[in-house]
Amino acid sequence: MHLPHHTHHNEVPARRGPSSGAAFRVGIGGPVGTGKTALVAALCGLLADDLQIGVVTNDIYTTEDADTLRRRGVLPAERIGAVQTGCCPHTAIRDDITANLDAIEDMEAREGPLDLILLESGGDNLTLTFSSGLIDVQLFVLDVAGGDKVPRKGGPGVTRSDLLVINKTDLAPLVGADLDVMARDSAAQRGDLPVRFVSLVDPAGAQPIADWILHELAHWRADTGAVTVDVD
Ligand SMILES: Nc1nc2c(ncn2[C@@H]2O[C@H](COP(=O)(O)OP(=O)(O)OP(=O)(O)O)[C@@H](O)[C@H]2O)c(=O)[nH]1
Ligand SMILES: [Mg+2]
């Protein structure tokens with residue numbers, strides 16, 4: 001994904017590829033409460049038998065999301081790291097990504113080679129994006145409870161994320177959200193970029209997202225060039 005870079009603090013090396021033993025990094029962003037942590041938990045359940053996974057969460061003032069994931073036992077505790085941003089979530093995933101890079105690299109050094117890092121941003125707004133120096137692909141998570149107008153409000157997560165996830169479809173009848181409107185508006189914003197509608201009340205509902213990640217991971221691994229993303 002090629003987004004405008006905010007590189008004033010961003011002296012990061014180009015992302016390493018699979019040949020260097022680095023894990024595939026998936027950024028998960030989106031507004032507050034849309035189900036990012038629920039998605040991380042469900043993905044760990046679906047993928048941990050086949051992949052060595054690490055998780056890094058971002059929260060502003062706490063380590064709430066990492067604590068929740070550890071309590072739920074979705075992965076061994078040492079595979080769940082937390083970054084406390086102390087500032088707007090997007091700052092730590094886009095402008096100065098050092099704390100997140102450190103958390104990932106510490107985990108990889110401690111735990112040995114991993115296949116997949118799931119990196120959850122703190123909940124923010126429609127302007128949220130990850131630096132391409134931090135992640136390989138990024139998901140943007142909306143929910144139907146925010147109203148069926150949200151996809152047409154646009155923003156880089158809606159228009160250009162590698163995958164748009166629209167969660168909590170179970171709530172559509174309760175909040176009067178029209179999923180067809182959301183699908184139509186998402187397609188209008190995104191062109192050919194993919195969208196998946198899910199409900200995570202049952203974690204198995206994350207299977208379409210797990211399948212998409214496996215597909216992207218295979219593609220990334222097949223790319224024999226060691227350097228996959230250039231940071232300008
Ligand atoms: N009904 C319903 N509730 C859901 C679904 N997914 C998540 N939730 C609930 O929505 C609330 C917020 O979910 P989280 O996973 O914490 O959302 P988040 O995006 O990580 O939130 P922040 O990190 O605070 O931005 C929780 O109470 C979840 O149980 C869903 O598919 N359907
Ligand atoms: Mg969360």
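FYI, side chains are in, hydrogens and waters are out, and symmetry mates aren't considered; it's all heavy atoms of this structure. Indexing begins at 1, ligand by ligand and atom by atom, following the structure's order. In this text, all values refer to a predicted model and were calculated from it rather than measured experimentally.
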(request) Determine whether the side chains of Asp211 and Gln207 contain a donor N or O and an acceptor N or O closer than 3.5 Å. (result)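 Present: a donor and an acceptor within the cut-off.
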
(message) Looking only at the side chains, is there a donor atom on one of Arg79 and Gln52 sitting less than 3.5 Å from an acceptor on the other?
(response)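 Result is yes, a qualifying pair exists.
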
Any donor and acceptor pair, going by atom type alone, linking the side chain of [X] with main-chain N or O of [Y] inside 3.5 Å?
X      : Y      : answer
Lys36  : Gly30  : yes
Arg110 : Glu78  : yes
Asp143 : Gly146 : yes
Arg25  : Leu134 : yes

(request) With rounding to the nearest 0.5 Å, note down the distance linking CD in Glu216 to CG in Asp136. (result)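 If I round to the nearest 0.5 Å, the distance is 10.0 Å.
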
(message) Arg70 vs Asp65, test: salt bridge (charged side-chain N to carboxylate O under 4.0 Å, His left out). Steps then yes/no.
(response) CA-CA 9 Å; Arg70 289 194 193 110; Asp65 285 358; over 6 Å; no

(request) Anything protein N/O/S under 2.8 Å from the Mg ion (ligand 2)? Just list residue and atom, please. (result) Thr37 OG1, Asp65 OD2, Glu120 OE2

(request) Could you name the protein residues that come within less than 4.0 Å of ligand 1, counting only heavy atoms, and order them by chain and residue number? (result)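 Heavy-atom contacts below 4.0 Å: Val32, Gly33, Thr34, Gly35, Lys36, Thr37, Ala38, Asp65, Glu120, Gly123, Asn167, Lys168, Asp170, Leu171, Ser199, Leu200, Val201.
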
(message) side-chain contact (heavy atoms from CB on, under 4.5 Å), that's the test. Do Leu69 and Thr57 meet it? Break it down for me.
(response) CA-CA 9 Å; Leu69 292 168; Thr57 65; 3.8 Å; yes

